[in-house]
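Heads up: the structure comes next, in structure tokens.
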2 protein chains.
Amino acid sequence: MVSIKDIAKKAGVSISTVSYALNGSNKVTDETSSKILAIAKELNYVPNAAARTLKKRESKILGVFLTDFSGDVYGDLLSGMKTVCNAQGYDLIVCSGKQSHRMLPERMIDGAVILDHTFASEELLQYADRGHKIVVLDRELHHPNINQVLLDNKAGATLAMEHLIELGHTKIYVVTGPEGSFDSAQRMKAVRQVTEREANVEWIEIVGDFEKSGGEQAAELIIQEYTRPAAVFCLNDEMAIGLCNRLAESELQIGRDIDVIGFDNIELSKYVQPRLVTIDYSKRKWGSLAAEQLIKIIAGEPVDHERIYVTLVEGGSVCRQVPQDIPFPIRHERVVSS
Amino acid sequence: MVSIKDIAKKAGVSISTVSYALNGSNKVTDETSSKILAIAKELNYVPNAAARTLKKRESKILGVFLTDFSGDVYGDLLSGMKTVCNAQGYDLIVCSGKQSHRMLPERMIDGAVILDHTFASEELLQYADRGHKIVVLDRELHHPNINQVLLDNKAGATLAMEHLIELGHTKIYVVTGPEGSFDSAQRMKAVRQVTEREANVEWIEIVGDFEKSGGEQAAELIIQEYTRPAAVFCLNDEMAIGLCNRLAESELQIGRDIDVIGFDNIELSKYVQPRLVTIDYSKRKWGSLAAEQLIKIIAGEPVDHERIYVTLVEGGSVCRQVPQDIPFPIRHERVVSS
DNA sequence: TTGTAAGCGTTATCAA
DNA sequence: TTGATAACGCTTACAA
């Protein structure tokens, strides 16, 4: 490995002169500087990141932690983060899994964006106490070294519920996320608030898991006890799509016999038939804002907590309810079980 | 920041003793060792990654480089890689973009898996020459420090073409990937080989880009000059889905008037109507094999190049061609242009 | 403008 | 079994 020592030797100067030249300092003559640069290039010199990080006590790398790599939500989110990071002279790395948590305390990265419930909040607070900078996307946490950039879950869930109620629904199934999910809890809170205001609206909670399988299981339940009209608010699209898949095998037609609404507007939701009604937000914006906030707190600049706004996306999975006199017959014994 | 120096001072021993104790060496008494460990815990000691990497000349981190974060292919691939990495004591980080290339030469990572055409092959060869270990997933490259784990593109494309030919097709549109894509070039080579064997099969090349938009544009062309029977082999699913989307707006019915086949079996292809016929392979296997190979070449173990096998997935987007006497009329002026 | 030297936090060699 | 010490490659006062 060629180091600045090798360059110094070859150029007949000291290592500090080499360091200055390499870093574009004006403390050194253009002449010596260009000579050093030429030699560096000739020797294929590449600085050693570990040495630089050790000395400067910063790596200029930011990390984002995800529960897993397979979420559809992540593409634009990461892309938004990367754009901001690169523009500000930072590199971005994506990490997942317990093992990689050490990157933050061991100072491999200068800061972390967390969208990963496998980080305990106490763990994050501990890191923050030791001076590490963190932006959380999946919980509320108050600490001078932690900033939050959260979805407006409440607005989204309210939008979804009110949409269904407005169309005439009085019985709404709500399929939740897994226990401990912040997003799920926030969305549920909004569901409760809306239904408290609306005396004639009944809602039934079905515990889900934010995965397709949870939606499928919810569909089973709903098919069993179906009475029309019925509507389902799945607290994310993944479950909504699982639910639609299962429903498609039954006699219930989505958007006619049963209305479905999701949350997240993942790409797939455009492709299910009929198009899934869902809550949309800019994943790219979410990412870029998170990165911006992280870089700011690293720089010691003051930041406020940020919120990502949401909108409702229309589609065929929800339909105005007209009073029906002909009850739709369901013969349970004929329901196809996949 | 608390370092081993602080622990040494508090424990009344030297830093080397602390280092030994912390690393579980048996050169030190259980008594002193446990005392040191207790103090380390009490002081919230966390080792400094940069210092360790600098000294040991290895980071125990592997990097995987992707062109962008938004591919559907990546979820399982990364997950497979991570599993292997973690089991072998390595951490995995995901990187994207020109800026992050430096991670390898600057020795932030011990090796790299490349699925990113923004790396020039000369660049990779240069790194390999300097002793860096690399596994490539998107090109052929021969160097003692480079290993390849490639899809069996040839088998996949042959499977697809033969499937269409077997069903009676004699005119096949082939929508390619972008220029310079290794996968596209390999798949095209197989297309040519198959058609050379089959004298009565005509094929028409349409240059694509591996994106949905490329498929849409190809659809326009095909709709314009449509004569039945027609079949399209899109060299990846993304384009096949773009093509299907555009076709759905026309009068041509997929799987009846026109057959479509893709490559990759991304999740979306399950959801398009009718289900896309495509070439499948285990993305998880691909990732785990890549990680295994990388770790082996880092350890100096000999490795052979590996190949990922493929299969054909059936679906409704392809249908047996029966001789038709009634020509299907297309009125170009009525084609809906989105 | 350039050089000397200290130090970042480890590991590891060699003595004691 | 433990301790002094050099070294990893770099940055940066401070001195010349």
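Note on naming: letters A, B, ... go to the chains in the order of the sequence lines (proteins, then strands), and numbering restarts at 1 for each one. Here the structure is a predicted model, which is why all the values come from computation and not from measurement. Basis for what follows: all heavy atoms, side chains included, without hydrogens, waters or symmetry-related copies.
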Does D:dG3 have OP1 or OP2 sitting under 4.0 Å from an N or O in the side chain of B:Ser14?
-> yes
Counting just side-chain N and O atoms, does A:Asn48 come under 4.0 Å of either OP1 or OP2 of D:dC8?
-> no
Mind calculating the distance between [atom1] ([X]) and [atom2] ([N]) to the nearest angstrom?
X        : N      : atom1 : atom2 : answer
A:Ile36  : D:dC10 : CD1   : P     : 14 Å
A:Ile4   : C:dT2  : CD1   : P     : 16 Å
B:Met108 : D:dC8  : CE    : C1'   : 14 Å
B:Glu58  : C:dT11 : CD    : C1'   : 12 Å
A:Lys5   : C:dT4  : NZ    : P     : 14 Å
A:Ile7   : D:dG9  : CD1   : P     : 12 Å
A:Lys56  : D:dA13 : NZ    : C1'   : 15 Å
B:Leu54  : C:dG7  : CG    : C1'   : 12 Å

Describe the nucleic acid contact of [X] in one word from base, sugar-phosphate, nothing, applying a heavy-atom distance below 4.0 Å.
X       : result
B:Val46 : sugar-phosphate
B:Ser16 : base
B:Thr32 : sugar-phosphate
B:Ser19 : base

Going by the side chain to side chain contact (heavy atoms under 4.5 Å, CB included) test, name the single residue among B:Leu150, B:Thr67, B:Leu115 that passes it with B:Asp138.
-> B:Leu115
Options [options], nucleotide nearest the side-chain atoms of [X]:
X       : options                : answer
A:Met1  : C:dA12, D:dG9, C:dC8   : D:dG9
B:Arg57 : D:dC8, D:dC10, D:dT11  : D:dC8
B:Pro47 : D:dT11, D:dC10, C:dT10 : C:dT10
B:Tyr20 : D:dT11, D:dA13, C:dC14 : C:dC14

Of B:Lys27 and A:Thr17, whose nearest nucleotide on DNA chain D comes first from the 5' end?
-> B:Lys27
[atom1]-[atom2] distance between [X] and [Y], expressed to the nearest 0.5 angstrom:
X        : Y        : atom1 : atom2 : value
B:Arg284 : B:Leu78  : CZ    : CG    : 10.5 Å
B:Phe182 : B:Leu141 : CZ    : CG    : 10.0 Å
A:Gln88  : A:Lys60  : CD    : NZ    : 8.5 Å

Within 6.0 angstrom of A:Glu301 CD, more than 12 heavy atoms from elsewhere | yes
Kindly say whether, by distance alone, the side chain of B:Lys55 makes a donor-acceptor pair under 3.5 Å with the base of D:dA7?
-> yes
